[in-house]
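What follows is a short report on a single structure.
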Amino acid sequence: MKMDDLEKLFLQYPLLESICQGVEVSWENKNCRSGSMPESFTMNDILDAEYRLIRFAPFLYQAFSDTRSLNGMIESPLIPIPLMKKALERSKNERITGELFLKCDNQLPVSGSIKARGGIYEVLKFAEKTARNAGMILPDQDYACFCEQRFQEFFSNYKITVGSTGNLGLSIGIISAALGFRSEVHMSSDAKTWKKDLLRSIGVQVIEYEGDYELAVAAGREKSQLDPFCHFVDDVNSTDLFLGYATGALRLQTQLKEKAIVVDEQHPLFVYLPCGVGGGPGGITFGLKLLFGDLVHCYFAEPVQAPCMTLGVMTGLWDRISVFDIGLTGKTAADGLAVQRPSGLICRLMTPILDGCFTVRDERLFQYLQLLYQTEKIFIEPSASAGFPGIFSTKNHLKAGTHIVWATGGNMVPPAEKEAYLRRSDTDL
Ligand SMILES: *Cc1c(COP(=O)(O)O)cnc(C)c1O
């Protein structure tokens with residue numbers, strides 16, 4: 001970005017001054033308007049994704065034992081966390097007026113993070129399409145057949161590729177291996193070693209890059225476009241990923257009903273979602289807005305060094321601005337959120353419906369992660385704890401209603417890493 005343009009930007013958006021200094025900020029989106037939805041997808045698109053996941057449930061049931069208690073559906077519980085609520089109130093010396101819930105995507109079956117929604121959906125959709133085109137399945141067939149050897153052989157002709165900082169690669173690699181696809185995960189070299197090791201152990205080809213995540217994605221995209229037997233999962237532009245994530249909103253609506261949690265004008269819903277490129281939180285926000293309209297308020301959480309969505313939506317530059325442009329490093333212990341440039345698609349979709357964004361310093365991620373473990377005995381990874389400070393930074397703690405912190409990952413983290421996260425103190429950072 002040119003110097004002149006940057007100077008203008010700083011004049012126009014004074015908050016940039018704090019953002020570029022790595023200070024925690026809270027940004028309210030003035031373009032978020034009552035009753036407005038961006039022109040794009042409809043509830044039918046989300047339902048189409050949901051029905052596809054239901055069709056695949058018999059396969060997932062067979063292939064992944066951890067989906068069996070939910071009959072092959074990949075879903076996580078919504079649970080009250082009253083002890084964490086008390087601890088948060090004590091640490092801030094302020095009351096939280098509403099109820100506090102955790103959406104436990106840290107416990108999602110198959111790959112233990114929010115990526116088990118979008119990533120797995122996209123690969124299943126590709127598998128269905130190629131199998132149908134080859135005449136291997138009929139629309140109302142029992143999809144348990146996808147476990148059969150003939151499918152494994154058929155899919156071994158195809159390759160799934162993805163560029164990823166970690167969790168997306170895990171979800172894509174795991175589901176691809178289960179279906180018999182060959183798969184290739186392009187990773188930046190700062191991705192966690194255990195994730196690379198795990199992928200290699202199930203036969204996934206991991207390709208590492210010096211340099212950043214964007215480079216890794218670009219390399220993956222380029223290589224796969226030359227190959228008709230290759231499907232590239234595009235973290236930044238994929239509508240399949242988006243719709244897979246969006247089904248999470250339908251599931252949440254069902255869970256709220258089951259728990260008799262009323263959502264009305266006196267009891268609005270406040271949802272705090274950790275954000276990387278934006279697909280996961282964006283899909284869920286989009287679905288929730290379709291379902292609840294003005295009764296739901298969604299906020300994205302980002303690390304102070306990687307507030308790409310805040311930058312993109314606030315300035316209206318979308319993916320034409322990167323955190324590097326304003327001198328930030330993009331480096332954070334929240335590896336799922338270590339993204340320098342947001343998805344332009346998601347920026348566009350979020351502009352009229354996102355209530356705001358806030359940023360979090362890395363040491364606070366560990367404080368919340370540890371507090372949650374001490375109070376509720378729930379382990380989540382650093383990225384997944386970014387939502388907690390949103391309750392206070394938006395002043396929503398003063399309002400009645402239901403607060404949902406979306407815990408986006410954690411169960412795949414190996415025991416030794418968990419221990420280290422739980423012991424980590426400010427001075428280690
Ligand atoms: C990927 C990820 C996110 C953010 O999702 P995006 O689609 O990149 O915005 C949040 N938390 C965790 C644990 C993740 O892996």
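Read the numbers this way: they start at 1 and go in the same order the structure lists the ligands and their atoms.
Looking only at distances, no side-chain donor or acceptor of Ser322 sits under 3.5 Å from a matching main-chain atom of Arg341.
The cationic atom of Arg117 (NZ for Lys, CZ for Arg) does not lie both less than 6.0 Å from the six-membered ring centre of Tyr245 and within 45° of the ring axis. The cationic group of Lys377 lies under 6.0 Å from the six-membered ring centre of Tyr373 and within 45° of the ring axis, placing it in a cation-pi geometry.
Ligand 1 places these atoms under 4.0 Å from at least one heavy atom of Gly280: 6 (P), 7 (O). In the vicinity of Cys275, heavy-atom distances shorter than 4.0 Å reach the ligand 1 atoms 9 (O). Residue-ligand proximity, Glu381 to ligand 1, at heavy-atom distances under 4.0 Å covers atoms 13 (C). Close approach of ligand 1 to Pro281 (heavy-atom distance below 4.0 Å) involves ligand atoms 5 (O), 6 (P), 7 (O), 9 (O). Per-residue contacts place Gly279 under 4.0 angstrom from the following atoms of ligand 1 (heavy atoms of the residue considered): 6 (P), 7 (O), 9 (O). Interface atoms of ligand 1 facing Asn167, defined by a heavy-atom separation under 4.0 Å, are 13 (C), 14 (C), 15 (O). Of all atoms in ligand 1, listed by their number and element, those nearer than 4.0 Å to a heavy atom of Gly278 are 6 (P), 7 (O), 8 (O), 9 (O).
Using a 4.0 Å cutoff on heavy atoms, Ala384 does not count as a contact of ligand 1.
Only the side chain of Ser383 comes within 4.0 Å of ligand 1, counting heavy atoms alone; its backbone N, CA, C and O stay farther away. Within the 4.0 Å heavy-atom criterion, neither part of Val339 lies near ligand 1. Contacts with ligand 1 closer than 4.0 Å are made by heavy atoms of both the backbone and the side chain of Val277.
Between the side chains of Asn411 and Glu381, no donor N or O sits under 3.5 Å from an acceptor N or O.
Relative ring orientation between Phe126 and Phe181 is described as tilted, the plane-to-plane angle lying within the 30° to 60° band.
Looking from atom 12 (C) of ligand 1 to the surrounding protein, the closest heavy atom is Thr408 OG1, 3.4 Å. Among all protein heavy atoms, the one lying closest to atom 4 (C) of ligand 1 is Gly276 N, 3.4 Å. Closest to atom 3 (C) of ligand 1, if we only count protein heavy atoms, is Lys115 NZ, 3.5 Å.
Taking a cutoff of 4.0 Å between a charged side-chain nitrogen and a carboxylate oxygen, Lys125 and Asp240 qualify as a salt bridge. The pair Glu363-Arg424 fails the salt-bridge criterion, with no side-chain N (NZ, NE, NH1 or NH2) lying under 4.0 Å from an Asp/Glu carboxylate O. Residues Asp105 and Lys115 are not paired through a salt bridge, judged by the lack of any N-O separation under 4.0 Å between the basic side chain and the carboxylate.
The two residues Asp234 and Glu122 come nearest to each other via the heavy atoms N-OE2, 4.4 Å.
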